[in-house]
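Throughout, numbering of the chain's residues begins at 1 and tracks the sequence. Only a predicted model underlies this, so the values are computations on that prediction, with no experimental measurement involved. Quick note: numbers below take in every heavy atom, side chains included, and nothing from hydrogens, waters or symmetry partners.
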Amino acid sequence: MYDAANAEKIVEALKETEAESEADRQLSARAVELLHQSGVTRIVAPAAYGGYELPVRALVEAERTIAHGSTAASWVLMVCAAHTFIAGRMPRRGQDEIFGGHPGMLIPGVPSLRGTCQRTRDGYILNGQWPYASGADHGDWVLVGCKGIRNEAGDQCPSLIVVMPKKDAVIVDTWFTLGMRGTGSKDVVLENAFIPEHYAVPMIEAQLGTVPGIDSPLYRLPIRPALATMLLGTIVGMAERGLQLFIDKTRGRRDVYTGAMKADNAGLQRRVAEASVEISCAWALAQQNCDLLEDAMLRDPPMPTAKRAQVRWNAAYATELCRRACNRLFEGAGAGAAHDSHVMQIFFRDMNTASHHAMLDFDVNVEIQGKSLLGVKLDDAWV
């Protein structure tokens with residue numbers, strides 16, 4: 001049985017892995033081992049194979065806790081667990097192969113339509129390059145999204161989500177970035193890769209949670225709102241840690257010219273107060289999302305469009321609140337924060353990189369929510 005305290009037990013050990021992950025630009029093997037040992041990699045894995053199959057809330061809370069130890073470990077957990085959540089709607093034969101050996105297997109990849117798929121005998125041919133595959137150096141499987149195109153015979157293929165053996169893919173090291181360096185979010189490349197039918201599911205059915213034969217309430221949730229919510233666990237946890245780091249540093253800082261304690265400065269006091277409430281509001285929005293998703297688990301899919309739009313907007317706005325809090329604190333961290341090794345610079349780089357995730361795009365999500373509130377028709381595939 002999963003215990004939320006398991007995540008708390010590995011926080012201090014994860015802190016010891018951060019420098020290695022940052023320097024190597026991939027999550028350290030020790031961090032991966034800790035994630036597996038704690039059981040967090042199985043939170044949303046199917047119960048039929050030894051997973052816990054818990055609601056999204058359990059994963060979000062674990063990510064938040066783990067981010068206090070390692071942002072990279074929390075992010076890779078979040079991304080790969082999101083793909084486990086998607087893989088739970090694959091055909092039974094595919095699930096047997098994916099989860100049969102290791103229900104907590106990390107599944108890196110990218111579910112967006114960055115590649116193509118064509119029908120062939122007994123399966124599909126895949127081509128494309130998918131950037132931002134966090135945790136690409138770990139696990140034996142990879143998940144990708146593919147846009148369906150016609151084959152030479154003129155047969156049309158639906159757009160698909162695919163989970164396939166990673167040995168059939170090439171991992172290209174493109175991960176030279178401002179922040180989130182320890183996540184190892186490299187590119188996945190496929191060239192005329194064949195996959196059998198049981199490794200794929202139609203994209204639109206998977207997105208809406210309407211895959212025939214899937215009865216689990218967890219895997220009948222819509223993918224995009226669930227993924228947007230999962231992102232918040234890491235982002236809020238990262239923001240909380242950054243706030244505490246700022247407080248710890250500021251308590252001992254003095255003004256270099258006057259010698260006065262920085263903590264006595266009204267401007268810095270305001271920065272801390274505002275950042276604190278922004279982060280608290282972001283966590284409240286994350287909890288509201290978990291409530292909405294748990295309510296959806298009690299009902300037949302698809303989740304109503306207006307509620308999906310609300311979840312997406314909550315996630316985007318919560319992320320914006322955390323980003324504002326981060327930037328406000330960084331601005332008050334002093335000249336020392338300009339150094340690469342300074343904890344506040346790392347916090348600033350990571351937050352401003354993580355908040356660029358496409359699922360959290362502020363402009364896209366504000367449009368979705370605005371249209372929803374005004375009664376403008378939304379495309380199901382978009383929400």
Side-chain angles (χ1 to χ4, degrees), residues 4 7 40-41 43-45 52-67 71 74-89 107 110-112 134 143 206-209 216-240 278-299 301-323 351 354-362 364-366 368-369 372 378 380 382-383:
V40 295
T41 59
I43 289 176
V44 292
Y52 300 120
E53 204 169 314
L54 295 175
V56 169
R57 187 189 307 272
L59 176 62
V60 170
E61 291 175 347
E63 295 162 7
R64 178 194 185 194
T65 298
I66 288 169
T71 296
S74 179
W75 187 268
V76 170
L77 168 65
M78 176 271 298
V79 169
C80 292
H83 300 160
T84 294
F85 163 76
I86 294 172
R89 57 201 79 198
I107 306 175
V110 184
S112 59
S134 301
L143 178 146
Q207 290 283 12
L208 295 177
S216 168
L218 179 62
Y219 307 128
R220 285 155 63 90
L221 286 175
I223 289 176
R224 290 186 179 182
L227 266 57
T229 302
M230 292 174 187
L231 282 155
L232 292 184
T234 298
I235 287 171
V236 173
M238 187 195 326
E240 290 173 334
E278 284 170 333
I279 296 166
S280 294
C281 288
W283 183 242
L285 288 170
Q287 292 295 301
Q288 184 183 101
N289 274 10
C290 292
D291 291 342
L292 289 166
L293 291 172
E294 286 170 14
D295 179 71
M297 289 173 67
L298 302 175
R299 308 175 191 283
M303 185 179 186
T305 303
K307 290 190 176 182
R308 281 183 277 139
Q310 182 68 59
V311 171
R312 292 283 304 273
W313 174 237
N314 284 355
Y317 198 76
T319 299
E320 177 65 9
L321 289 172
C322 289
R323 189 192 64 80
M351 180 62 76
S355 61
H356 278 71
H357 192 286
M359 193 62 67
L360 302 171
D361 187 296
F362 193 89
V364 169
N365 285 289
V366 75
I368 289 173
Q369 178 67 344
S372 174
L378 284 163
D380 272 340
W382 197 32
V383 188

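Rounding to the nearest 0.5 angstrom, the gap separating the CZ atom in Arg224 from the CG atom in Leu208 is 9.5 Å. Here Met78 contributes atom CE and Leu59 contributes atom CG; the two are 9.0 Å apart, rounded to the nearest 0.5 Å. Atom SG of Cys290 is separated from atom CG of Asp295 by 13.0 Å, given to the nearest 0.5 angstrom. Rounded to the nearest 0.5 Å, atoms CH2 (Trp313) and CG (Leu285) are 10.0 Å apart. Within the model, atoms CD of Glu53 and OH of Tyr219 stand 4.0 Å from one another, a figure rounded to the nearest 0.5 Å. With values rounded to the nearest 0.5 angstrom, Thr65 atom OG1 is found 10.5 Å from Leu77 atom CG.
Using a 4.5 Å heavy-atom threshold, the side chains of Met359 and Arg312 count as touching. A 4.5 Å side-chain heavy-atom check between Leu293 and Pro55 finds every atom pair outside the cut-off. Put simply, the side chain of Cys322 reaches to within 4.5 Å of the side chain of Met351, judged on heavy atoms. Between Trp283 and Val60, some side-chain heavy-atom pair lies under the 4.5 Å cut-off. Using a 4.5 Å cut-off on side-chain heavy atoms (C-beta onward), Arg323 and Phe362 make no contact. In this structure the side chain of Ser355 never reaches within 4.5 angstrom of the side chain of Ile235, judged on heavy atoms. You'll find the side chain of Thr305 stays beyond 4.5 Å of the side chain of Ser372, heavy atoms only. Using a 4.5 Å heavy-atom threshold, the side chains of Gln310 and Gln369 count as touching.
By the salt bridge (Lys or Arg N to Asp or Glu O under 4.0 Å) test, Arg57 pairs with Asp291, Glu294, sequence neighbours left out. Remark: Arg308 pairs with Asp380 by the salt bridge (Lys or Arg N to Asp or Glu O under 4.0 Å) rule, at least two apart or across chains.
Ser74 contributes a side-chain N or O that, together with a main-chain N or O of Glu63, makes up a donor-acceptor pair within less than 3.5 Å. A donor-acceptor pair under 3.5 Å links the side-chain atoms of Arg89 to the main chain of Leu221, judged by distance alone.
Taking 4.0 Å as the cut-off between side-chain N and carboxylate O, Arg64 and Glu61 do not count as a salt-bridged pair.
Within the structure, side chain to side chain donor-acceptor pair (under 3.5 Å) pairs that include any residue of residues 76-85 do not occur (at least two apart or interchain).
Checked options Asn365, Leu232, Asn314; the residue passing with Thr319 is Leu232 (criterion: side-chain contact (heavy atoms from CB on, under 4.5 Å)).
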